[in-house]
Amino acid sequence: MPGVTIAKKGTSSGANSDVNGKYSIDVNPGDVLVFSFVGYKYQEVKIANQSVLNIQLAVDAKSLEEIVVTGYGNQKKKDFLGSSSSIKSATIQEMPVVSVESAMQGRMTGVQVQQSSGQPGAGISIRVRGVTSIAGGNEPLFVIDGVPQYNNDNRAMNGMSSFNASDIESIEVLKDASATAIYGSRGANGVVQITTKSGKAGVSRVTYESTYTNQIIQRKLNLMNGVQMLDFIKQYYSNSNLVLPAEVTNAKNSETDWQDQVLRAALQQNHTLSFSGGNDKTQYYVSGNYLDQPGIIKGSDFNRGSMRFNLTSQLNSRISLRTYMTVSRTVANGFSATDNSPTRHQGKNGVGAMVLASPTVPVYNPDGTYGNPRPFSFSGIDVENPLAFTKESLDRNTVVRFQGGMDFNIKLAEGLVNTTRLGGDYFSARADLYWPIVLAQLSSGVGIGQLTTTSSLNVVAEDYLEYKKKFGDLEFEGIVGGSIQSAQQDIINLLGSKYISDDLRNYSFAAAGSVSKPVTDIITNRLVSGFSRVRLNFKDRYLFTASIRRDGASVFSKNKKYGIFPSLGLAWKASEEPFMKNVTAISNLKVRATWGQSGNPAIQPYQSLLIGNVINTAQGAGSGLAVGLSPTLPNDNLTWETTTQTNAGLDFGFLNDKYRVTLDYYVKNTTSLLATVQLPPSSGYNTIIDNVGEVENKGFELEIGTDLIATKDLRWSIDANLSINKNKVVATKNNLPFSSGNSRITPGDPLSSFYGPKFNGYAADGEMAFMDVNADGIIDGRDNQYIGNPYPSTIIGLNTSLKYKRFNFMMTWSSVQGNSIDNQMLFTAAAPSPIYNRSAEIYTYYPKPKASSIHRRSDLFIEDGSYIRLRNIRIDYSLPLGDTKFIKSANIYLSGNNIITITNYKGYDPEVNVFSGNSLQQGVDSGAYPGSKTVTLGLTVNF
Amino acid sequence: MIQVMKKIKNIQLIPILMILMMGSLTSCEKFLEEIPPARYQISTLSKPLLDAFVIGAYEPLSRSRGRLWESTLTRDIEGLAEYCQLPAGGGTNYMNYNFEPQRNDNAARWTTFYEAIGKSNLIIKAIDDDKSLAENIKAPYKAEAYFVRALCYWWLTRMHGDVPLRLSPIENSDGTALPLTSSKTVIDQITKDLAFCEANLPNKVPEANTGRATKGSAKMMLADIYLWNKDYTNARLKAKEVIDNKATYGYDLVKSLETLYSPSTPTNSEEIFAIKFSQQKALGSFLPTYAFEGRALDAGLAARGISALMCRNAPLIKDWDRKDLRRNWNLIDTITLKGVKVRANLIPQASFMFGKFRDGAAPEETAAGNDYYLYRFAEAYLILAECENQLNGPTQAAYDAVNQVRRRGYGVDLAKSSTLADFPAGLSKTAFDDLIFQERGYEFIYECKRWWDMVRTGRADAVAKAAGKTPTGGSIARFTLYLPDVELVNNPSIK
């Protein structure tokens with residue numbers, strides 16, 4: 001077996017076995033050699049007089065020595081009584097992921113990972129055991145090497161995309177309250193613990209990994225071509241009893257397929273070079289990564305350069321130090337994603353332009369200028385020539401990020417260790433936007449430039465004391481500690497227009513004829529905490545844990561800043577009982593139950609204060625600018641959302657853990673739900689953040705793993721996971737429903753449900769009819785009913801891995817069921833109006849489209865988003881290298897991602913949530929960048 | 001420390017230690033206090049603070065994409081005038097006076113109006129609660145808040161009829177349900193509030209405050225309200241007060257149309273109350289962009305042209321005397337490109353573009369600088385003339401009033417009688433009234449007054465049909481727009 005570590009016990013000298021399993025090491029009789037390899041039981045052998053020693057390592061059953069990365073200390077999986085899912089670096093590297101979270105898809109029960117769109121570097125949202133909040137956000141807390149982060153969704157650009165996935169040793173998602181309560185106020189949505197790689201003593205390694213990935217669009221939308229569009233316009237005018245304008249009769253038709261013009265096959269490459277090693281005292285891990293991902297839409301891409309330095313050092317017998325640091329720079333060129341505001345709605349966004357631009361218009365005019373996207377006088381005004389959009393506009397996000405920290409451990413006495421942790425995360429982001437003069441629809445023909453710079457510093461300081469002692473059959477482990485975290489964000493925004501030419505883009509605001517007043521802001525956010533935890537283990541059969549944390553958060557109102565978050569857990573390792581020892585078939589049987597509370601403070605700061613927002617208005621002579629104040633509506637009762645979670649679980653292992661089953665049942669109850677409540681405009685305000693309501697998530701998770709065959713040459717394992725979650729709003733203030741974002745919160749229905757009129761067949765005049773709930777003869781907002789919700793009820797993942805000699809074959813399937821998607825792109829493209837290109841399926845909605853047709857956002861446009869997808873299929877070959885000393889191992893692989901998708905969804909990709917995790921508008925597909933399917937060729941070499 | 005630790009053999013001390021550490025770390029009040037570095041925290045009232053809040057109450061009225069007079073409110077209400085042509089699509093429903101399908105067009109403007117009302121209510125309450133400032137300092141600000149509120153309700157009730165009448169600010173999210181109040185009650189309330197405005201607003205405002213309310217603007221709005229209610233006596237009274245006080249208030253007719261509708265002059269003597277716009281991104285209006293066709297930038301008319309509304313050849317337009325300078329200013333069918341005059345591209349069934357608001361120097365489509373008059377001095381004359389005629393027939397006073405506007409329109413000396421410009425002598429009361437209706441149409445084209453004139457004089461249906469429009473159902477059945485879903489769905493008191 002290659003790569004086995006052979007170390008001389010008690011020294012720093014060691015060796016590695018080569019490709020053929022051969023090794024050589026200098027020893028003296030009496031020395032003890034330790035043979036170790038991940039996944040196998042280590043062996044110690046005392047050397048006598050042999051010159052050749054052949055060792056056979058025994059397979060180590062997967063779960064026994066696994067470590068769970070819990071908060072403030074790790075725990076062996078067999079002693080862990082909470083609920084968590086994890087993946088290790090080997091699994092992370094199976095997929096050619098650009099961003100860390102993608103590696104988690106389909107692999108963990110209770111964890112839904114969803115890309116917001118197919119845009120390179122796009123935001124990814126993670127949901128752990130259903131959604132509990134509206135305004136508080138639903139993203140879990142990310143803890144990287146012990147340092148809690150903020151997940152910065154910068155206009156749906158992903159905060160985690162700065163990190164190189166190859167640097168990650170493991171990802172642990174803590175799901176139940178006994179595990180998350182230690183993170184108190186931020187643990188309600190689960191905790192994602194990321195641990196980066198360290199060097200290993202005595203194993204010096206240089207690794208080069210490289211992948212080339214070809215991406216193509218999954219499928220195109222079914223849009224009209226030129227002939228169909230002209231025909232549609234003619235029908236429209238005829239049905240509306242209007243005279244067909246001459247410009248339509250005489251229209252030229254260039255039959256442009258804008259999707260073909262704008263899309264391309266794109267080749268992504270990703271290279272990582274890493275060095276790791278060290279001796280007994282000091283280990284290091286250093287890596288560098290370069291990623292270049294062009295997008296399937298011309299002109300868009302994402303690239304990243306990053307470096308990592310991790311160092312662990314035992315300074316003396318009492319003190320050890322671990323430092324970790326990463327520096328990265330990412331640049332993403334986008335396609336003007338929409339935010340559904342009037343300035344960036346579906347027309348002024350690239351994908352919207354591609355869908356809505358008229359196919360009768362030529363890409364270029366005979367004189368070389370771009371084809372005019374408005375062929376008719378009644379054509380809509382916002383859609384630009386899509387190819388011109390890709391070539392001429394600038395929408396770039398540049399992020400430079402530094403994240404790092406240090407852990408300082410002092411052993412004060414036997415069993416008493418103090419850890420001091422300092423961590424920081426600094427990033428500087430720059431968003432450049434330029435709509436050039438040559439794109440007349442976007443820039444009014446004058447050129448519009450925008451620059452937003454955001455810099456953010458997040459610093460955390462923690463200290464905790466850990467005491468471990470064994471009192472006879474009772475093992476005691478306790479920690480007590482405190483933490484302070486402070487974050488500040490500085491924002492500057494500049495807006496200019498009327499440029500002389502497009503040459504300088506937006507880089508010089510002095511060149512703009514008109515610059516709006518710059519907007520600046522400084523936002524601060526702080527957290528102070530104290531926490532404590534006790535773990536008891538009696539006879540290795542009865543486990544108990546209790547923890548408590550008190551957090552104070554600056555974002556809440558004066559008298560409601562503090563919350564206390566306790567948890568309790570019990571477990572019984574039945575398989576360790578004497579009477580179970582005889583039942584050899586059962587290798588592991590653990591029953592566990594936990595209860596606990598965690599909080600969610602993720603709202604914008606300053607909501608509880610009476611603030612005057614500065615506004616500008618054009619009054620007065622002279623500069624024609626007056627500065628005024630607009631007061632906010634404060635909520636001086638604003639406080640935490642508290643989630644109480646009860647979890648009961650069962651872990652089974654059969655036949656020496658050849659078959660493993662994990663079952664969990666949970667009930668999560670969230671009270672004081674934070675929501676941005678839509679007020680009736682007559683109140684004078686649009687929205688207010690309030691604690692209003694209660695949500696319940698109940699669910700069931702099942703994880704099955706088997707190693708069906710495990711012989712020397714052939715191994716076959718299957719892992720499957722099933723997560724079922726039922727979400728319900730239990731109560732609201734006065735039990736009245738309210739609106740928030742694009743959804744409605746009604747007691748008895750799921751959170752963030754879609755409401756709208758229900759389609760009720762066609763009336764005699766060919767127009768759509770809708771259910772008139774209050775029977776007043778008019779269809780308006782009061783006839784809205786529940787028509788779907790964006791959260792899935794079931795998530796299934798299936799992974800199988802087949803290893804034969806040098807070949808390794810694996811497949812990951814995943815399926816999401818029960819969710820709906822608000823397909824706003826289709827809604828726009830199926831409107832009975834001649835102003836833009838239409839969906840070719842418009843006649844299924846409007847058999848006779850006419851001016852008086854009322855286009856309602858009904859249940860016809862809230863589509864079923866369920867899908868089954870072959871997420872990853874891969875074949876891997878370990879190269880036979882002969883007896884080279886230089887290369888220890890090498891393998892190449894070929895894989896495909898998202899190759900097969902089975903869905904009824906009509907949009908580009910059923911995996912879509914264009915406004916990212918924390919937005920009020922969930923489950924929306926509005927000009928979402930299309931998803932791609934990919935084929936990857938990869939190579940990994942170990943020196 | 002380590003020595004002490006070694007001596008602790010008793011487990012009981014550990015919990016004490018835990019509590020101590022937790023306690024000391026969590027009582028950090030100052031650390032958790034929020035003090036936003038870039039925003040004002042409001043505590044006690046002062047004059048500058050009050051002034052800033054009042055400016056904040058005006059802000060929604062001119063807000064870019066607030067969807068009031070800077071963009072779609074003007075387009076939709078002017079679209080109801082008989083001479084207006086809207087492009088196919090949503091415009092067709094306005095052309096046919098079929099308001100229901102477009103109900104949610106009202107959402108943005110409804111919200112903006114009520115935002116201004118909400119801010120005015122906050123100011124009024126803050127002033128009433130305050131004990132520190134002197135009454136004479138507070139009164140003009142309170143009057144301004146009443147004025148902004150009255151303006152918003154005046155438009156809301158004409159557009160929608162019965163609307164929720166909110167007169168005090170909400171404290172929190174409870175109790176936001178509010179039933180509809182009858183239009184008559186709404187109008188009675190704002191009439192009462194405007195009396196306070198009349199008494200407490202200044203005669204003039206300093207240059208720096210151009211665009212804020214004055215006595216004159218309160219009187220004009222009162223005249224407008226009385227006219228709507230056919231209370232000609234009071235309407236005449238208010239209009240006459242404005243004319244009689246023109247020296248005190250600084251009002252006079254502006255001779256040149258180019259000056260009157262200029263995008264760059266900060267103010268002029270004819271302005272009584274206008275929505276102020278500035279040639280800066282997001283501080284201006286869309287109106288020139290709406291009015292002109294795609295080549296507007298090259299023609300020096302607007303930053304961009306999107307043909308959102310144009311003018312039909314209705315009888316009002318067809319019969320417009322070519323010697324009336326206002327006709328040439330307002331009706332454009334040719335544009336000049338590179339020195340060459342070419343025919344403008346008009347939307348189907350339109351004969352002209354609205355030329356009133358032009359801003360070739362606007363930096364972009366949201367930044368046309370032409371102010372939008374809600375009340376100007378010319379209207380005082382026209383109201384006086386109309387009311388005088390209604391009360392006493394076409395007296396000399398009525399003729400004198402309207403002839404001022406006529407003479408300015410024709411570009412002749414205001415002081416001398418003019419056979420060209422003046423109304424013909426010896427008209428009957430009805431004929432005079434018809435001509436006043438026509439005159440208001442000429443004077444206020446693209447200023448959102450035509451539809452209100454059509455409705456209040458009962459001429460809407462006839463005039464629309466005479467212009468070739470085809471109201472859904474044969475006749476205009478309903479003169480008010482519908483409430484948007486965002487209000488209906490979130491306000492359970494509206495049945």
Side-chain angles (χ1 to χ4, degrees), chain A residues 245 342 377-378 381 412-413 416 444-446 448 478 480 482 495 497-498 513-514 516 520-522 526 528 530 532 550 552 554 561 605-606 609-612 615 617-621 624 626 628-631 677-686 688 690 739 780-782 833 835 851 854, chain B residues 2 5-6 18 21-22 25-26 28 31-32 34 36-42 52-53 55-56 59 62 65 87-89 92 101 110-111 114 117-118 122 164 166 170 173 176 178 207-208 210-211 266-267 276-278 280-281 283 297 303-304 306 347-348 363-365 485 487-491:
Chain A
S377 63
F378 52 80
I381 55 170
L412 296 170
L416 192 64
S444 309
V446 296
I448 295 178
V480 63
L495 202 57
S497 63
K498 218 165 163 98
S514 163
S516 302
T520 60
D521 203 0
I522 303 176
R526 290 174 171 169
V528 165
S532 173
R550 183 172 187 253
S554 61
K561 289 200 192 279
Y606 316 138
L609 305 174
L610 178 60
I611 297 228
I615 52 95
T617 188
Q619 276 178 349
L629 284 180
S630 169
V677 180
Q678 172 77 52
L679 300 171
S682 61
S683 65
Y685 292 93
N686 214 359
I688 186 177
D690 204 359
S739 305
D780 61 28
R782 292 171 288 192
S833 155
I835 61 178
I854 304 176
Chain B
I2 296 178
M5 286 294 139
K6 279 187 175 158
M18 291 182 183
M21 280 190 82
M22 276 172 56
L25 284 160
T26 59
C28 308
F31 186 71
L32 294 177
E34 278 192 309
R39 297 164 207 209
Y40 287 107
Q41 268 183 285
I42 302 167
F53 279 129
I55 294 175
E59 183 268 334
S62 61
R65 292 194 166 95
T92 313
W110 177 274
T111 304
Y114 273 102
I117 290 170
L122 262 168
R166 186 170 290 285
I170 63 172
S173 62
T176 54
L178 190 63
E207 283 249 308
T210 308
T267 185
K276 306 298 283 180
F277 292 118
S278 178
Q280 294 182 58
K281 185 172 166 68
L283 286 176
L297 178 63
R304 182 185 180 199
I306 63 176
I347 60 180
E364 61 119 68
E365 61 188 2
D485 280 340
E487 181 71 34
L488 294 176
V489 165
N490 295 303
N491 184 349

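We use all heavy atoms of the structure for the numbers below, so side chains are in, but hydrogens, waters and symmetry mates are not. What you are looking at is a predicted structure, and each value in this text was computed from that prediction instead of being measured. Reminder, nothing fancy here: chain letters follow the sequence lines and each chain counts from 1.
Taken from CD in E34(B) to OG in S554(A), the straight-line distance is 5.0 Å, to the nearest 0.5 Å. Rounding to the nearest 0.5 angstrom, the gap separating the CD atom in Q619(A) from the OG1 atom in T267(B) is 11.5 Å. For the atom pair NZ (K281(B)) and CG (L495(A)), the distance works out to 4.5 Å, reported to the nearest 0.5 Å. Interatomic distance, S497(A) OG to E365(B) CD, rounded to the nearest 0.5 Å: 10.0 Å. Between the CZ atom of F53(B) and the CD1 atom of I615(A) there is a distance of 10.5 Å, given to the nearest 0.5 Å. Put simply, OG on S683(A) and CG on N491(B) are 9.0 Å apart, with the number rounded to the nearest 0.5 Å.
Heavy atoms of Y685(A) lying under 4.5 Å from chain B belong exclusively to its side chain. L610(A) touches chain B through backbone and side chain together, each having a heavy atom under 4.5 Å away. For T92(B), the part lying near chain A is the side chain, with the backbone staying farther off; criterion is any non-hydrogen pair under 4.5 Å. Using a 4.5 Å cut-off between heavy atoms, L679(A) contacts chain B through both its backbone and its side chain. At a 4.5 Å heavy-atom cutoff, the contact between I170(B) and chain A is made by backbone and side-chain atoms alike. If you measure heavy-atom distances from I306(B) to chain A, the contacts under 4.5 Å come from both the backbone and the side chain. With a 4.5 angstrom heavy-atom cutoff, D521(A) touches chain B via backbone and side-chain atoms both. Looking at I522(A), the atoms closer than 4.5 Å to chain B (heavy atoms on both sides) sit in the backbone and in the side chain alike. Proximity to chain A (any heavy atom under 4.5 Å) is restricted, for S62(B), to the side chain, taken from C-beta onward. Both the backbone and the side chain of P36(B) come within contact range of chain A, each with at least one heavy atom under 4.5 Å from a heavy atom of that chain.
In this structure, T617(A) and K276(B) have side chains that are not in contact, with every pair of non-hydrogen atoms separated by 4.5 Å or more.
Most heavy-atom pairs under 4.5 Å with chain B: of the set D780(A), V446(A), T520(A), this distinction falls to D780(A). Between chain B and the residues G513(A), S833(A), S630(A), the largest count of heavy-atom pairs under 4.5 Å involves S630(A). Most heavy-atom pairs under 4.5 Å with chain A: of the set P87(B), P37(B), G118(B), P164(B), this distinction falls to P37(B). Per-residue counts of heavy-atom pairs under 4.5 Å with chain A were compared for A303(B), A38(B), A52(B); the largest is that of A52(B).
Counting all heavy atoms, side chain and backbone alike, P681(A) lies closest to W110(B) at CB-CD1, 3.5 Å. When every heavy atom of L32(B) is checked against every heavy atom of R526(A), the shortest pair comes out as CD2-O, 3.8 Å. Nearest approach of S682(A) to R166(B), heavy atoms of both residues: O-NE, 2.9 Å.
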